[in-house]
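Structure first, commentary second.
The chains referred to below are lettered A, B, ... by the order of the sequence lines, with proteins before strands, and numbering in each begins at 1.
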Amino acid sequence: MAKEITSRSENYSQWYNDIVIKAGLADHSAVRGCMVIKPYGYAIWEKIQRQLDDMFKATGHQNAYFPLFIPKSFFSKEASHVEGFAKECAIVTHYRLKNDPNGKGVIVDPDAKLEEELIVRPTSETIIWNTYRGWIQSYRDLPILINQWANVVRWEMRTRLFLRTAEFLWQEGHTAHATKEEALEETIKMVNVYAEFAQNWLGIPVIIGTKSESERFAGAVETYCIEALMQDGKALQAGTSHFLGQNFAKAFDVKFASKEGTLDYVWATSWGVSTRLMGALVMAHSDDNGLVLPPMLAPTQVVIIPIFRTDEELASITSKVNQIVAELKSKGISVQFDNRDNLKPGFKFAEYELKGYPVRIAIGPKDLEKGTVEVARRDNLTKEFVSQDGIANYVEQLLKDIQTNIFQRSLKFRELNTTKVDTYEEFKEKLDNPGGFILAHWDGTAETEEKIKEETKATIRCIPLDGEIEPGKCIITGKPSERRVIFARAY
RNA sequence: CGGGGUGUAGCGCAGCCCGGUUAGCGCAUCUGGUUUGGGACCAGAGGGUCGCAGGUUCGAAUCCUGCCACCCCGACCA
């Protein structure tokens, strides 16, 4: 069939592409590196957005919107920020087209050149801090706790649907504070929000940590992150929260009058997650039959498939299904009844497995006689007959179980694929088998990190926050190290 | 941006090397009928700028040049 997907063992990358495309999440577009997010994929993104947005509001943030375009000069104000993003910026140089005097089509009107070029935002720190300057005079104007949902553009050389696209959707929080302590607290608060979301909603266990200097956000003093492990043993950075210190306040001259009467620079944070989470969702849970979605994020949690021969049978099944649908909906469960008569049940089963619907209910003439339905769960592909009485309670609990099971399974996988090593030999060996997270001592220098990266492709994913203090020796230089850091090959 | 590959109907492919009538096949789609507890069957029908643009030729899906997109592998990144 046209819908068949490559198995993970055969070709993991192809498996991922197949799922994204064949489950209807996204497609390639006519523009290099840019994707079309299709309705089913966008519905998942909307659920992600809704939940995160609630969490942001609950922690005191408000949404706002800043421009897509940033004057080029803004970029040069924060040195490391420019350096970090300069290589992947899209630039607007003209503002008008005209008919090609030589024939067909249109050309850029050379007379319509912008005096100052505009950068299509790769992130919004600069335009936002330029704006905040006008909003902040005294400590009474602080803190400013703002988030924006937006698209950004980073001109990537090699792209992959959701994981790395030239344009992507995200949210970026940008906050301003009177004290360093408060900004640091905000940074950590938000990385914890991300971790909670990843674990309870995406069903993906994450490790919270800080980045090494070389992996840090351009312009940040400290970058906190959540790191997840994918089924192929590669790590995926799922979210970041940056303590920006006073770097942007200094670059954009944002000062405030303190309670004590001094004039101080403002402290800043920024934090974001992107449509990359969609990629994480696919790679963390799905199998060779297709997508596996956690119930908390599935656009539709339950699909009901009638098994029938005649119109009469369909009619009597339908009336029973209508009751079940009403019961499920009254519990806030999203449900879809697929009564198409041109497809066989088996086809539909495969279709909904591909799309990752968490629960499938099949109901046929025999069920009507016996007062049962067949309930199949997507996460472990098991099915059983369940009484129609109390079906809503049963499904409600089942959805919770599936959510838990998906998380536990990922957690177990991560545990099995996390290895402590004490020598470089062992490091290289474990990196290939089993792969995954490698916990090793590191002397804290960028040189050692770079050497390991060059030789093994593995990078420091993070210095885990809850990692135990355990003195040891760097696997490369033998210099003292106070704790293990997490290495992995990463997306 | 370097190396390798691909591009022919909605999807998957054959045809290309060795140019030559109306460009084929499977799936999907539409119509009719029989079907329906794990990807149904029969009959009929519709659907094509052969990725795009040039060139060679009496004639190009096929040969040549350029470009575009996608995939795999590198360098760069969320």
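- One finds a side-chain N or O of A/Arg158 lying less than 4.0 angstrom from the OP1 or OP2 phosphate oxygen of B/C73.
- Within residues 217-245 of chain A, the residues approached by RNA chain B to less than 4.0 Å at the level of any non-hydrogen atom are A/Gln237, in residue-number order.
- Distances shown here put a side-chain N or O of A/Arg32 below 4.0 Å from the OP1 or OP2 atom of B/A69.
- B/U21 and B/A61: their C1' atoms are spaced 16 Å apart (whole Å).
- Applying the 4.0 Å criterion to OP1 and OP2 of B/U34, one finds that A/Lys344 has every side-chain N and O outside that range.
- A/Glu374 comes within 4.0 angstrom of a base, heavy atoms only.
- Nearest-nucleotide positions on RNA chain B place A/Arg340 closer to the 5' end than the other of A/Arg276 and A/Arg340.
- One finds no salt bridge joining A/Arg377 and A/Glu384 here, because no Lys/Arg side-chain nitrogen approaches an Asp/Glu carboxylate oxygen to under 4.0 Å.
- Interface remark: the A/Glu353 side chain does form a donor-acceptor pair with the B/G38 base, using a distance-only criterion of under 3.5 Å.
- B/G48 and B/G10: their P atoms are spaced 8 Å apart (whole Å).
- Residue-level contact check: A/Ser13 touches the backbone only, with heavy atoms under 4.0 Å from sugar-phosphate atoms and none from bases.
- For A/Asn17, a side-chain nitrogen or oxygen approaches OP1 or OP2 of B/C72 to under 4.0 Å.
- Among the protein residues, A/Lys348 comes within range of no part of the nucleic acid, since none of its heavy atoms lies under 4.0 Å from any strand.
- Taking the side chain of A/Asp367 as heavy atoms from C-beta on, and the options B/A78, B/G37, B/C76, the nearest nucleotide is B/G37.
- Proximity of A/Arg309 to the phosphate of B/U36: a side-chain N or O atom is located under 4.0 Å from OP1 or OP2.
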